[in-house]
Amino acid sequence: MFSNTKKFIVQTLLLLSSFQQNNRRSTASWTPHALAVKSAFQIGLHSQLSYKDHGFDESELRKRLWFGVVVQDRYGNDFIVKRRPLTAS
């Protein structure tokens with residue numbers, strides 16, 4: 001149950017960051033994005049080894065959530081501010 005809460009937090013932070021990026025608040029979007037990346041690392045979304053400990057549905061959710069973190073990081077870096085280093089790679 002605790003892991004589900006953390007995944008929900010990552011999803012919420014990604015949505016908040018995306019909303020802010022798309023509504024001319026790109027600087028404000030960095031904080032929720034950084035928190036989403038940090039939370040994703042803490043629950044092990046970046047590690048493929050953690051996927052084998054879960055069922056198919058849970059593994060797919062974890063993969064897609066990590067993919068969302070990476071894509072948003074790349075989008076923010078490429079289109080918003082070119083000088084900001086990648087947070088999730």
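Owing to the predicted nature of the structure, the values given are computational and were not obtained by experimental measurement. Values below: all heavy atoms of this structure, side chains included; hydrogens, waters and symmetry mates excluded.
Without hydrogens or angle criteria, Ser59 side chain to Gly55 main chain gives a donor-acceptor distance under 3.5 Å. Of the possible polar contacts, one joining the Gln72 side chain to the Leu14 backbone as a donor-acceptor pair under 3.5 Å is found. Not one N or O on the side chain of Asp73 forms a donor-acceptor pair closer than 3.5 Å with the backbone of Val69.
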(Q) Pair Thr5, Ile9 - check side chain to side chain contact (heavy atoms under 4.5 Å, CB included), show working. (A) CA-CA 6 Å; Thr5 303; Ile9 289 171; 4.2 Å; yes
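Taking all atoms of both residues into account, the shortest heavy-atom contact from Ser39 to Val10 is CB-CG2, 3.6 Å. What you find for Gln20 and Pro32 is that their closest heavy atoms are OE1-CG, 3.4 Å.
Hydrophobic clustering places Val70 together with Ile43 (ILVMFWY residues linked when any side-chain heavy atoms are closer than 4.5 Å, directly or through intermediates).
A heavy-atom distance below 4.5 Å is found between the side chains of Gln11 and Leu65.
Note that CG of Leu35 and CD of Gln42 are 9.5 Å apart. Values are rounded to the nearest 0.5 Å. How far NZ of Lys7 is from CG of Leu45: 8.0 Å, rounded to the nearest 0.5 Å.
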